[in-house]
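Written out below as structure tokens is the structure these notes cover.
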Amino acid sequence: MGKMEECITKQTCRGANKVFPAPPPLPGPAKNCRRKGSLLKNGSAIRGNNCAATATRALWDRLFDGGYKTDVIIKTDNGGIICAHSNIVGMASPVLRGMLKQAKGFGHRRPISIHIHGVPQDAVRAFIRFLYSSSYEKEEMKEFVLPLLVMSHTYVVPQLKRACEQQLEHGLLTIENVVDAFQLSLLCDAPRLTLITHRMIIMTCKAVRETEGWKAMKKSNPALEKELLESMMDEEHGRDIMMQKEKNRKSNEQRIYLQLCEAMEALVHIFRDGCRTIGPHDKDLKEHQTPCDYGDCCKGLELLVRHFASCKLRVPGGCIHCKRMWQLLELHSRLCTDSNSCRVPLCRNLKEKIRKQSKKDEIKWKLLVKRILRTKRIGGAPIFVSSNYNSSP
């Protein structure tokens with residue numbers, strides 16, 4: 001073993017019993033770094049950490065604003081001119097790339113001219129700026145969202161197209177521009193925007209038909225106006241049907257709750273006063289009695305009580321008629337506030353059973369009692385004949 005190796009061995013043995021400090025942590029990403037980078041011009045994501053997204057956008061914006069070594073002239077309406085770089089706009093838009101290749105094939109010298117007509121110059125400028133930095137100003141988007149949607153579809157810039165659709169969906173869609181947005185969504189192959197604008201037109205049909213956009217559509221595309229009017233009529237007809245169904249449902253519920261109110265009154269009447277052939281044990285029933293106020297309800301309850309008293313399958317669930325009687329008795333016990341003086345059978349026993357019920361069953365019964373008492377007040381049902389009923393929900 002050499003001298004150098006022997007020295008290293010001695011130093012290692014001497015420090016074997018020493019406690020060395022923990023090594024420092026590995027360097028991590030900066031606080032302002034984003035794990036997922038912003039999109040490149042071709043739509044692919046930058047791999048790794050991206051700490052310079054803001055600075056990069058600022059650099060692209062300065063390159064666009066400064067016009068350093070531009071080789072493309074974009075002409076707009078009213079003689080407007082915007083300078084750009086062919087490599088950048090060509091990579092951001094395949095349509096512009098094809099136009100540039102075609103112009104170079106014809107032997108055009110630089111700078112190459114491209115014409116974009118039919119939209120305001122400021123909208124074209126916002127569009128070209130997006131090709132550079134994939135960003136836009138809120139005010140420009142708010143003012144030129146529809147022209148930007150058209151240009152993003154025409155020149156195949158899907159990122160801008162998605163941004164325009166999202167901005168329209170989340171606030172920029174108004175009654176004044178909804179008809180124009182609907183027509184553009186059909187032309188620009190934006191099905192979600194078509195659905196949203198169509199729904200808004202149907203829901204605000206009266207106000208939309210007074211706008212300039214509707215009047216212009218009526219002149220330029222009467223077939224589309226006819227389709228929208230038919231959709232409005234179908235929607236109104238469907239709304240009427242739904243309203244009628246809801247009205248019938250509420251009416252049926254009201255009728256059922258009124259019948260339950262009457263059944264509770266008749267039940268107390270039978271066991272307190274007696275009726276026909278059934279009554280309390282301490283009261284004599286007359287053979288010829290005047291018909292009571294509850295009519296068929298009282299008669300049906302008498303038959304049910306007689307069956308309940310003689311049925312051998314009286315346990316709940318054993319007989320459908322007995323099960324109905326158990327439900328009526330339990331409903332009465334929930335409405336009754338003084339089981340000690342109540343004459344209805346099993347009232348006190350059922351109250352004890354109610355305390356042991358599950359929370360789910362308890363919620364259902366409380367909701368039923370609340371609706372019955374509300375129906376009694378609103379529907380004009382007779383007041384419960386016994387003071388043992390609580391009239392407040």
message: To check you understand the geometry: which heavy-atom pair defines the closest contact between G90 and R97, and what is its length?
response: O-NH1, 2.5 Å

query: How far does CD of Q167 sit from CG of L148, to the nearest 0.5 angstrom?
result: 10.5 Å

message: Check this for me: E137, atom CD, are more than 12 non-hydrogen atoms of other residues, nucleotides or ligands nearer than 6.0 Å?
response: no

- prompt: Does atom NE2 of H117 have more than 12 heavy-atom neighbours, drawn from other residues, nucleotides or ligands, at distances under 6.0 Å?
  reply: yes

message: Tell me the closest heavy-atom pair linking L329 and P345, and the distance in Å.
response: CD2-O, 3.9 Å

- prompt: CE of M243 to CD of E246: how many Å apart, nearest 0.5 Å?
  reply: 9.5 Å

message: Is there a side-chain contact between F64 and T70 in this structure, where contact means two heavy atoms from C-beta onward sitting under 4.5 Å apart?
response: no

field: Test item: S310 side-chain N/O and R306 main-chain N/O as donor-acceptor pair under 3.5 Å
entry: yes

- request: Check the pair R129, D122 against salt bridge (Lys or Arg N to Asp or Glu O under 4.0 Å), reporting the backbone distance first and the verdict last.
  value: CA-CA 10 Å; R129 177 183 291 276; D122 291 340; over 6 Å; no

- request: Kindly indicate, with the supporting measurements, whether the criterion side chain to side chain contact (heavy atoms under 4.5 Å, CB included) is fulfilled by N177 and L173.
  value: CA-CA 7 Å; N177 66 7; L173 197 62; 3.8 Å; yes

- prompt: Among side-chain atoms of D234 and S231, is any donor-acceptor pair under 3.5 angstrom?
  reply: no

field: Distance-minimising heavy-atom pair for R371 and Y257
entry: CD-OH, 3.1 Å

- prompt: Hey, are the side chains of I112 and I73 touching, using non-hydrogen atoms and a 4.5 Å cut-off?
  reply: no

field: side-chain contact (heavy atoms from CB on, under 4.5 Å) partners for E225, two or more places apart
entry: W214, M217, K218, L229

statement: SG (C336) and CE (M264) are apart, to the nearest 0.5 Å, by 11.5 Å

message: Within the supplied structure, the quantity of interest is the number of heavy atoms (other residues, nucleotides, ligands) at a distance under 6.0 Å from N252 CG; does it exceed 12?
response: yes

message: For a 4.5 angstrom cut-off between non-hydrogen side-chain atoms, does L304 reach L328?
response: yes

query: If you round to the nearest 0.5 Å, how far is NE2 of H237 from CE of M242?
result: 12.5 Å

field: Side-chain heavy-atom pair Q327, K323 within 4.5 angstrom cut-off
entry: yes

- request: Before accepting this row, confirm whether a basic side-chain N of the pair R192/E169 lies closer than 4.0 Å to the acidic partner's carboxylate O.
  value: yes

Atom pair CE (M325) and CG (L346), whose distance is rounded to the nearest 0.5 Å: 8.5 Å

field: Side-chain heavy-atom pair M200, I175 within 4.5 angstrom cut-off
entry: yes

- prompt: Taking all atoms of both residues into account, what is the closest heavy-atom pair of L267 and L301, and its distance?
  reply: N-CD1, 3.7 Å

field: F130 and S135, any side-chain heavy atoms less than 4.5 Å apart
entry: no

- request: Report yes if the side chains of S134 and R57 come closer than 4.5 Å at any heavy-atom pair, otherwise no.
  value: no

- prompt: In the single-linkage hydrophobic clustering (I, L, V, M, F, W, Y; side-chain heavy atoms under 4.5 Å), do V72 and V95 co-cluster?
  reply: yes

- prompt: What's the verdict on side chain to side chain contact (heavy atoms under 4.5 Å, CB included) for I88 and W60, showing C-alpha distance, side-chain angles and the deciding distance?
  reply: CA-CA 10 Å; I88 295 176; W60 286 111; 3.3 Å; yes

query: Is any side-chain heavy atom of L193 closer than 4.5 Å to a side-chain heavy atom of L184?
result: no

Parallel, tilted or perpendicular: rings of W326 and F308 (30°, 60°): perpendicular

R249/E253 ion pair, N-O < 4.0 Å: yes

message: Run Q121 and D77 through side chain to side chain contact (heavy atoms under 4.5 Å, CB included) and show every step you take.
response: CA-CA 7 Å; Q121 180 179 352; D77 292 341; over 6 Å; no

query: With sequence neighbours left out, which residue pairs that include part of residues 147-161 fulfil the salt bridge (charged side-chain N to carboxylate O under 4.0 Å, His left out) condition?
result: none

- request: With sequence neighbours left out, write down each residue that passes side-chain contact (heavy atoms from CB on, under 4.5 Å) with R334, or none if nothing qualifies.
  value: E330, I354, Q357, E362, W365, V369

statement: Of L160, V124, V157, the one forming a side-chain contact (heavy atoms from CB on, under 4.5 Å) with M151 is V124

query: Considering all heavy atoms of both residues, which atom of H153 and which atom of L187 are nearest to each other, and what is their separation?
result: NE2-O, 3.5 Å

- request: Show your reasoning for whether side chain to side chain contact (heavy atoms under 4.5 Å, CB included) applies to S251 and R255.
  value: CA-CA 6 Å; S251 178; R255 178 174 53 83; 5.7 Å; no

task: Report yes or no: do I202 and L186 belong to one cluster of Ile/Leu/Val/Met/Phe/Trp/Tyr joined by side chain heavy-atom distances under 4.5 Å?
output: yes

task: May I ask you to check whether F127 and F144 place their ring centers less than 6.0 Å from one another?
output: no

message: Tell me whether T197 contacts the main-chain N or O of T194 through its side chain, where contact means a donor paired with an acceptor under 3.5 Å.
response: yes

field: Heavy-atom pair with the smallest gap, counting every atom of Y155 and H115
entry: OH-O, 4.2 Å

- prompt: Is the side chain of S93 donor-acceptor paired with the backbone N or O of L96 at a distance under 3.5 Å, no angle test?
  reply: yes

- prompt: SG/C347 to CG/L335 distance, rounded to the nearest 0.5 angstrom?
  reply: 9.5 Å

- prompt: Would you say the side-chain atoms of H85 pair up with the backbone N or O of Y68, donor to acceptor, closer than 3.5 Å?
  reply: yes

field: Cluster check I81, V89: I/L/V/M/F/W/Y, side chain < 4.5 angstrom
entry: no

